[in-house]
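First up is the structure itself, then whatever we jot down about it.
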Amino acid sequence: MGGEMSKQKIVVIGNGMVGHSFIEKLVASEHYDNFEVHTFCEEVRVAYDRVYLSSYFSGKTAEDLSLVKPNFYEDNNVTIYIGDKAVDIDRKAKIVTSESGIKIAYDKLVMATGSYSFVPPITGNDRDGCLVYRTIEDLDAIQAAADKGSVGTVVGGGLLGLEAAKALTDLGLKTHVVEFAPRLMPVQLDEGGAALLKRKIENLDITVHTSKSTTEIIDGDDCLNKMVFADGESLETDIVLFSVGIRARDDLAKKVGLELGPRGGIVIDNQCLTSDTDVYAIGECALHDGMIYGLVAPGYAMAQVVVDQLNAKVASFEGVDMSTKLKLMGIDVGSVGDPHGTDEDAMSYVYENGPEEIYKKIVVSRDGKKLLGAVLVGNAEDYSNLLQLMLNEMDLPEHPDALILPSRDGGGEDLFGPDALPASAQICSCFDVTKGDISDAVDAGCCTMSDIKSTTQAGTGCGGCIQLVTNVLNSELANRGVEVNTDICEHFGHDRQGLYHICQVEEIKTFADLLDKHGKGYGCEVCKQAVGSIFGSLWNSYALEADKIQLQDTNDNYLGNMQKDGTYSVIPRVPGGEITPQKLIVLGEVATKYKLYTKINGGQRIVLFGAQMNDLPEIWQALLDAGFESGQAYAKSLRTVKSCVGSTWCRFGLDDSVTMAIDLENRYKGIRSPHKMKMGVSGCTRECAEAQAKDIGLISTEEGWNLYVCGNGGMKPRHADLFATKLTQEEVFRYVDRLLMFYIRTADRMQRTATWMDNLEGGLSYLQDVVINDSLNIGEELEQQMAGLMASYACDWQTALESPSFIKRFRSFVNVDSKAEQLFVEERGQIRPATEQEKLDGIAIEVREIA
Amino acid sequence: MVGFKKVCSVNDLVKNSGVAALVESIQIALFYVDGEVYALNNFDPVGKAFVMSRGMVGDLNGHLMVAAPLYKQHYSLKTGKNIDDEDAPSIEAYETKIENKQVLVKI
Ligand code: SRM
Ligand SMILES: Cc1cc2nc3c(=O)[nH]c(=O)nc-3n(C[C@H](O)[C@H](O)[C@H](O)COP(=O)(O)OP(=O)(O)OC[C@H]3O[C@@H](n4cnc5c(N)ncnc54)[C@H](O)[C@@H]3O)c2cc1C
Ligand code: SF4
Ligand code: FES
C-alpha cells in the first residue's frame, strides 16, 4: 500500500462530539497515512463540548468549549466544510452532496449526525419563548429570552432537564420543572431517591411539578406564556424549555434508504455498520440493539471500533453500562446498573438519613453475592466502588448493607482498595481505560498523574474518575516499590506535613536550625515560605522577627500585596463587611491624602492600591489611629468572613448572620495556614453571602446553624459540603476549631481546604469522624492548640509600627533619602500604573505631581 | 566609567535578603548572603518594575539566586543570568567588596 493513488477516502457527516472524536482517533491511528478524510459540519463552528454546555452561562466562551485544537484539521490534512450540511448520498456511485453543491466521493462513509431535542406535539409549542437546549445558538436564544422574562419552566425532569433548570436559575429566573412521570429522573432513580432529590431541589427554590402532562401553551396573563395541564391546572411562564428526550438525526439516512428502527435511529450491528456495508453510523444517531445511547462515552467507544476496523483490526461494540454519577445543582446523584430491581429475585437494602438528606439503595442478587444496581442521592462517594463491584461481578461482603451504612469506625476500606480490582476493571469510562492499561503505562515509565493522562487519556473527559485513577496509580507505584516523590523542593526530602511534624516534635524554631539538621543548601522561595508558614502555625512566631524576614515573600514582608508596578495594596480588616460611616470617611481621607486608587473588592471590603513602599508606615498609622487593623490580604491566613445583613434587617433572616460573621472573623484572624481561608455566613437559605462557596460556610435554619466546609471559588470552584446541621454557636466554634487545626497540621503547602479534604482517604466522612466523633482522640488537643493561637493574636501592622528597625526597611533606598520614582496616569478620576508606552510617550506623571 | 563607590554600611543590609540603593542615579539591589554582598540592577526585566531587591534569595542547582518577586524567575546573584532559561533576559550584575564594614560597588 502507500502512495497518493491508493489512499482510502473517508467522509464523515456531522462534526459533533463523536464525529470529531472519530477523526482524532483516526489521525492518531497507525495507518493514518493511508487515509484521506473529509467532513461535513452543519453548524457554524467546529465540534464543541456539549457536556459542559451549561458553563457557557457561567462565562465560558464558544472558543473555550471547542474540542478542536488550533490547526488540528489543517495540520493533519483533514478537509472540513464548515456550515455546510450533507443533503444527499448516492450510495451506488458512493458520492455525498452538500447543500452548497460540493460533491465528495467516498470509499467508506461515517454518519455521525447526532440527535435533536424532541419537542412534544403540544398546541403552542412553537410560540415565542418555547426553546430547547442543545447547541450554542440555543443557549444564546435562552439568554435573550431570560433577559426579557422572569419565569422559566423546564418540561422534563430527567438528567438534562435538571441541568437546564439549574441554568435557568443561574440566569436569575424563578424556575419550575414539569415532569410527566410521578418522579424525577425516572430512568435512573427509584421512588425514594427521587423523593429526596425533589426535596433538595425545592430547597433551592425550584418548584417541581410531577405527574403533569401539558395539553397546550397559550397567552399568559402576567407572563409571555401559560402552560395548561391535563388536570385543569396551569402555570404562567416566560420561557418553556423542552427537555423530554432526544431523537436521532436520521432524516438523511431515511432519504437514502438506510434501515431505521421502528422509532427512529440508524440501525447498526456490533461493527457499527448500517444496512449498507460501506456506511457506518456512530454516536447518538445510531441504534444499537434497540438502544440509542444519549451519552458521549458509548459514542466514543463506537468511534474507536470503526477506527480499529479501518486499521484492519477486529473490533466490536457490545453496548455499554449506563451508570451515571453527577452533581446536579450541587447535589450528588449516582445510579449504578439496574436500580429498579427488575429482576424478580433481587433483594434490596435501603439507607436513609433524614437530617443529613442522604439516600442510598443497593439491589443485590438473591444469593446476596453480586451487586445488580444502586441509587445514591445526597452523597455519591460510594459510586466508583459500587460501580466496580457490579462491573467486575466481584463477591460482596457477608452483610451487603455494610456497603451503604456509614463506616463510623473507619473499617471496611480494603474491600474497595485498588488492589482488589481485576486488571480488566474499567477505571475511566470516557476513554475506556482499564486498571490493566494504567498498570501497563506505569511499566512503561509513567509515574505522575499528568503522565497517565497524556499516555492513556484517563481522566481527561468528564473528570469523574480522577480520584480512582490516582488511587490506582499510587497503588501500582507502591506495588513496584516506587516511592512517590512528594519532596517539597531540592533542599528538603520531606513534604509540608513531614516538615511540620519535624518542627513540632523537635521544637525547631529557626530556618537555619532546620536546614542544618534536615536540609541542604540555602533554601529557595518554595521551602522558605512553607517553613515560614509552619513556624507561624506552630509557634505563632511574628512574621517580622529578624530571622523570619528571609522566609517571607515580599507581600508578607511589607504587609501588603505587591502590584504590577512595585507599589502595594492596603486592605484593612472590615469584619463581616460591617463598617461605620466614620471609618469610611477615614478611608476616603487617607486615600485622598496619599493619592490611592480606591475600589470595593470581591471580599466585601475596600482596597487602596498604588501605595508606595515608603508611605506604607504612615498610611497604616493613620488607619490604626482610626481603629482599623490589618486585613492580612497578603498572608496565607483568614481573609474575609462575608455576611448578609441577616435577621437584624432582612425580613427573611432567621439568625443574626452579621454578629456571627464578626465573631468568626475575630476568632480566626491572624492564624497562619497552608493557604488562604475564606468564610461566609448567611441568614437563611437564600444564601446571599455565598457561604457554600467558602472554606467554612454557615447558613441559619429554624433549628440552628448548618455548617458547610471545604468550598471555594477561584480557579477551580467547588461547592462546600454539608458537614453538620442544627448547631449552636458553641458547637460551630468547636467543630471549626478542630477542623481548621487539623487542616493546618496535615495539609500540603498551597492546598486549599477542598483539595485537602478530597485527598484525605475517606474524604468528608472521615473528616466528620475526626471532628464530630473525635475518632482520633485529638479533639481536645486541637482545640487547645487553636486557643493558643487565638490568644497570641496581634495586628501585624500594630507590631510593625512599634519597631523602628522594621520601619527602617520601608525606605526606598538605604543610602539616600529620596523616594523612588513611580509613574501613573489618571483614569476615571483616579490613578493607575502607566504602561510602558505611556512612559515612553511622556504622558505618565509622578504621583506627587497629581494635583 | 566610575570605579568602586562606597554605598552604605554592612549594617544597612539584611541577612539572606535584599535592599535597594541609588548609585549615580542607577537603582541597584544589594543582597547579603553568607557574609558576601552581591549587587544586581534593581529593574525586573520581565515584570518591568524596580523590585529585584524585594525578591527572596536562596540557591538552585548550585547557583546562589534571587527569585523575582512578581513572576518568580530565578536570577544568579553572581552573574545576573536567568537560571531557568538561558535565552531569557538577564540582569546586569556589579562587582562588590566590603572594606571596613563599608559596602563598595563598581558601576
Ligand atoms: C483585591 C481582590 C480583587 C478585587 O478587586 O475584588 C483580589 C486580589 C487578588 N487576589 Fe483574589 N482578590 C480578591 C478576592 C478574591 C475572591 C472573592 C472572595 O474572596 O469572595 C476570590 C475567589 C474566592 C476564593 O478564593 O475561594 C479570589 C481568588 C483568588 C485566587 C484563587 C484561589 C483559588 O483557590 O483558586 C488567587 C490566587 C491564589 O491565592 O493562589 C487570588 C490572588 C489574588 C492576588 C493576591 C494576586 C496577586 O498576587 O497579586 C490579588 C492581589 C490582592 C492585593 O493586591 O491585595 N485570588 N480572590 C479581592 C480582595 C479580597 C480581600 O479583601 O481579601
Ligand atoms: C446540555 C447537554 C448536557 C449533556 N451532558 C452530558 C453528560 O454529562 N454526559 C454525557 O455523556 N453526555 C452528555 N450529553 C450528551 C452528549 O452531548 C451527546 O451524547 C454527544 O454530543 C453525542 O455526540 P454526537 O456526535 O453523536 O452528536 P452531536 O454532538 O449532536 O453532533 C452531531 C453533529 O452533526 C451535525 N449534523 C447533523 N446532520 C448533519 C448533516 N446532514 N450534515 C452535516 N452535519 C450534520 C449536527 O449539526 C451536529 O453538530 C449532554 C448533552 C447536552 C445537550
Ligand atoms: S440570606 Fe436571607 S437573611 Fe440574608 S439577606 Fe439574604 S434573604 Fe436576607
Ligand atoms: S470517566 Fe470521564 S474522564 Fe474518566
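Naming: A, B, ... by sequence-line order, numbering from 1 per chain.
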Which region of B:L64, side chain (C-beta onward) or backbone (N, CA, C, O), has a non-hydrogen atom less than 4.5 Å from a non-hydrogen atom of chain A, or is it both or neither? side chain
Top contributor to chain A contacts, counting heavy-atom pairs under 4.5 Å, from B:S9, B:G58, B:G62, B:G18: B:G58
Minimum heavy-atom separation for A:S818 to B:L22, with atom names? OG-CD2, 3.9 Å
Would you mind checking which part of B:V7 comes under 4.5 Å of any heavy atom in chain A, side chain (CB onward), backbone (N, CA, C, O), both or neither? both
Crowding at NZ, B:K15 (>12 non-hydrogen neighbours, <6.0 Å): no
Minimal non-hydrogen separation, A:K808 against B:N11, with atom names: NZ-O, 4.2 Å
Side chain, backbone, both or neither: which part of B:V57 has an atom under 4.5 Å from a heavy atom of chain A? both
For a quick test of reading the model, state the closest non-hydrogen atom pair linking B:V51 to A:G566 and the distance between them. CG1-CA, 3.6 Å
Other residues, nucleotides, ligands: >12 heavy atoms within 6.0 Å of B:N100 CG: no
Measure the shortest side-chain to side-chain distance between A:K528 and B:M56 over non-hydrogen atoms and say whether it is less than 4.5 angstrom. yes
Reported CG-to-CZ distance for the pair B:L30 and A:F813, which is rounded to 0.5 angstrom: 11.5 Å
I need the B:F50 CZ to A:E821 CD distance, nearest 0.5 Å. 8.0 Å
Kindly indicate whether the side chain of A:N815, heavy atoms from C-beta on, has any atom under 4.5 Å from the side chain of B:K5. no
Please check if the side chain of B:R54 supplies one atom and the backbone of A:D553 the other of a donor-acceptor pair under 3.5 Å. no
Spell out, as yes or no, whether a donor-acceptor pair under 3.5 Å connects the side chain of B:D59 to the backbone of A:G523. yes
For the candidates B:L70, B:L13, B:V103, B:V19, which exhibits the highest count of non-hydrogen atom pairs separated by less than 4.5 Å from chain A? B:L70
Under the 3.5 angstrom rule, does the side chain of A:E490 hit a backbone N or O of B:N61 as a donor-acceptor pair? yes
Top residue by heavy-atom pair count (under 4.5 Å) with chain A, among B:A21, B:C8, B:G47? B:A21
CG-NE2 distance between B:L60 and A:H491, expressed to the nearest 0.5 angstrom: 6.0 Å
OG of B:S17 to CG of A:L551, rounded to nearest 0.5 Å, is 10.0 Å
Just checking A:E836: does its CD atom have more than 12 heavy atoms from other residues, nucleotides or ligands closer to it than 6.0 angstrom? yes
Is A:Q529 close to chain B through its backbone or its side chain, or both, or neither, when contacts mean heavy atoms under 4.5 Å? both
Looking at A:K564 and B:D44, does any basic side-chain N land under 4.0 Å from a carboxylate oxygen? no
Taking every heavy atom of B:K48 against every heavy atom of A:K839, the minimum-distance pair comes out as O-NZ, 4.3 Å
Contact origin within A:V814 toward chain B - heavy atom pairs under 4.5 Å: both
Please report the shortest heavy-atom distance between A:S812 and B:A20, naming the atom on each side. O-CB, 3.4 Å
Is there a side-chain hydrogen bond (donor to acceptor under 3.5 Å, both in side chains) between A:Y522 and B:N16? Walk through the geometry before answering. CA-CA 9 Å; A:Y522 294 85; B:N16 294 317; over 6 Å; no
Contact check, side chains of A:C524 and B:M65, non-hydrogen atoms, under 4.5 Å: yes
